[in-house]
There are 2 protein chains.
Amino acid sequence: MTADTKGLILDTAEVLFAEGGFASTSLRTITARAGVNLASVNYHFGSKEALIRSLFERRITPMNRKRLSLLDGLRGQHEGAAIPLGALIDAFMRPALGLARDTQQGGAVFLRLLGRSYTEPSTTLQEAIRVMHEPVIEQFKSAFAEALPQLPSEEFYWRMHFMVGLLAYMMSGTDMMRLVASCRRSDPMDTDAMIRRLRVFLSAGMRAPLPEIDSQAGPSG
Amino acid sequence: MTADTKGLILDTAEVLFAEGGFASTSLRTITARAGVNLASVNYHFGSKEALIRSLFERRITPMNRKRLSLLDGLRGQHEGAAIPLGALIDAFMRPALGLARDTQQGGAVFLRLLGRSYTEPSTTLQEAIRVMHEPVIEQFKSAFAEALPQLPSEEFYWRMHFMVGLLAYMMSGTDMMRLVASCRRSDPMDTDAMIRRLRVFLSAGMRAPLPEIDSQAGPSG
DNA sequence: GTCTATAGTCAGATAGAC
DNA sequence: GTCTATCTGACTATAGAC
């Protein structure tokens, strides 16, 4: 899958798009770096935009398959009963953030691309990606709702939004760590530790007491 | 500040960049929409990149001034003692997310731009913005550290990162709400409610019990 | 399937008149 | 400060030989 032209283009494009963004990375740069002919992109994919869509599909499909299989596993473990919140968060995040480990096959690079796609201006791409995620989101949404039965639905949706948002941000992997810390990340990428920290953080947030409507200080000062 | 050419360019560029991103929005489009001459961008700003930097400086400077003045106010209120976490989060988020309300003067548009800047590929721009934020981050970092004295420093940095990340995502204002919910946002933009919800969520996350090192399920399952 | 060559478009930047 | 006109270069996409 890496030897043929099509795969070479995909792999190279993934790296270059992650570094420079979609608009500023030209097909010329991609094909030159891949060592293939300029025209081959249009032959194999039809257009630049179609190439980008293929890129996302190639990674998102197996990732979401893994998510659903983890969820099924959890459902089996807890037959009928609600799945614990932490386990759900784990099943949702791990197939995505686990790509960070996959330095070999380009998954780590793709992770940044995926994270960035959430804030990308292109409407058509966003819509395409939304469709790829839709069934997974539906499944997890109801599992999360069962895990948090006491949460009013409006509150629930906001918190789901917060969770997905933070995940997206962590995926984009900006080195904003530097902004907040003088420390550079100690381990090159200790994914397990990060997932554990995220799960703890998010579990607490999702379960936070309801905000009081009238108070400015709330229950959290 | 809106009548002169320079201001007109800034206002127009802000809107167009927020809609289409930096790379895909041309100076031609901007100047045409603004009703000014193409050459005036280079006359007033020197280059496209310099225009973008000016854009960010114009908004970030007063925003960060507000943050610091809120922090000073809190310090005065709690002379010597640690400032409560919720109040700190509020002082940090409000000047940023409050821009969402400023539909009149373009602040709402800028908010999306600022959120997106955290995941933007351009290294030079990211570095410039990082420098603009640096003093504010330093001040808040130590205030947060005082509010969370029991947190080990590595844990502390990660959670600060999570907080900033979620804020950045919410600023970018992607309509991912749709992804997670069938509901469109009920209020056009109830900033106060959102800030309250974010504060509750983040307060709980920042104060979550420490993750256990050996356990997969952690204290949060 | 792969290549060369090129069409057709648009970009950022600048020179120089007013 | 503002304008027109233009330079120079880059881009996506395609036609057509091999």
Side-chain angles (χ1 to χ4, degrees), chain A residues 1-58 113 116-117 120-128, chain B residues 1-58 113 116-117 120-128:
Chain A
M1 191 191 270
T2 292
D4 57 326
T5 301
K6 212 170 159 178
L8 256 173
I9 292 174
L10 283 170
D11 291 342
T12 313
E14 198 166 50
V15 174
L16 293 177
F17 282 142
E19 279 172 11
F22 298 118
S24 352
T25 304
S26 68
L27 298 181
R28 291 180 137 79
T29 312
I30 294 167
T31 50
R33 176 79 70 91
V36 304
N37 190 271
L38 171 60
S40 58
V41 170
N42 277 280
Y43 175 79
H44 285 288
F45 299 95
S47 71
K48 184 180 183 178
E49 212 195 288
L51 163 63
I52 295 173
R53 263 201 309 276
S54 296
L55 246 169
F56 278 90
E57 255 183 57
R58 177 175 77 144
L113 220 50
R116 192 178 297 162
S117 78
E120 196 70 19
S122 159
T123 315
T124 65
L125 177 60
Q126 264 199 3
E127 177 59 18
Chain B
M1 192 192 271
T2 294
D4 57 325
T5 300
K6 213 171 159 175
L8 255 173
I9 293 173
L10 283 170
D11 290 342
T12 313
E14 198 166 51
V15 175
L16 294 177
F17 282 143
E19 278 172 12
F22 298 119
S24 352
T25 304
S26 69
L27 297 183
R28 292 180 138 82
T29 312
I30 294 167
T31 50
R33 176 80 69 93
V36 304
N37 191 271
L38 170 61
S40 58
V41 170
N42 277 281
Y43 175 80
H44 285 288
F45 299 95
S47 72
K48 184 180 184 177
E49 212 195 288
L51 163 64
I52 295 173
R53 263 201 309 275
S54 296
L55 245 170
F56 277 91
E57 257 184 55
R58 177 175 78 145
L113 221 51
R116 190 179 297 163
S117 78
E120 195 69 20
S122 159
T123 316
T124 65
L125 178 61
Q126 264 200 4
E127 177 59 19

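Below, chains carry the letters A, B, ... as their sequence lines are ordered, and counting in each starts from 1.
- For residues 36-57 of chain B, the set of pairs meeting the ring-ring contact (aromatic ring centres under 6.0 Å, His included) definition, not counting sequence neighbours, comprises B:Phe56-B:Phe110.
- B:Arg28 has its CZ atom 11 Å from the C1' atom of D:dC7, to the nearest Å.
- Using modelled atom types, one side-chain atom of A:Ser54 and one backbone atom of A:Ala50 make a donor-acceptor pair closer than 3.5 Å.
- Going from atom NZ of B:Lys48 over to atom P of D:dG9 covers 19 Å, rounded to whole Å.
- Atoms CD1 (B:Ile9) and P (D:dC3) sit 10 Å apart, rounded to a whole Å.
- Using a 4.0 Å cut-off between charged side-chain N and carboxylate O, B:Glu49 and B:Arg53 make a salt bridge.
- Taking a cutoff of 4.0 Å between a charged side-chain nitrogen and a carboxylate oxygen, B:Asp11 and B:Arg33 do not qualify as a salt bridge.
- For the pair B:Ile52 CD1 and C:dA11 C1', the interatomic distance rounds to 14 Å; values are reported in whole Å.
- Between the side chain of A:Glu120 and the backbone N or O of A:Leu125 there is no donor-acceptor pair closer than 3.5 Å.
- Taking atom CD of B:Glu49 as the reference point, atom P of C:dA11 lies 18 Å away to the nearest angstrom.
- The closest donor-acceptor contact from the side chain of A:Lys48 to the backbone of A:Phe22 lies under 3.5 Å.
- The residues B:Arg58 and B:Glu14 are annotated as salt-bridged, a charged nitrogen and a carboxylate oxygen being separated by less than 4.0 angstrom.
- When base pairs are accepted only as Watson-Crick or G-U wobble with both N-N or N-O distances under 3.5 Å, DNA chain D takes part in stems of 3 or more pairs at C:1-18 with D:1-18.
- For the OP1/OP2 pair of D:dC11 and a distance below 4.0 Å, the side-chain nitrogens and oxygens of A:Ser26 include at least one atom meeting the criterion.
- Partner B:Thr5 forms a side-chain contact (heavy atoms from CB on, under 4.5 Å) with one of B:Asn37, B:Val41, B:Val36 and no other, that one being B:Val36.
- Remark: B:Leu38, B:Ala39, B:Asn42, B:Ser47 in residues 37-47 of chain B come within less than 4.0 Å of DNA chain C through at least one heavy atom.
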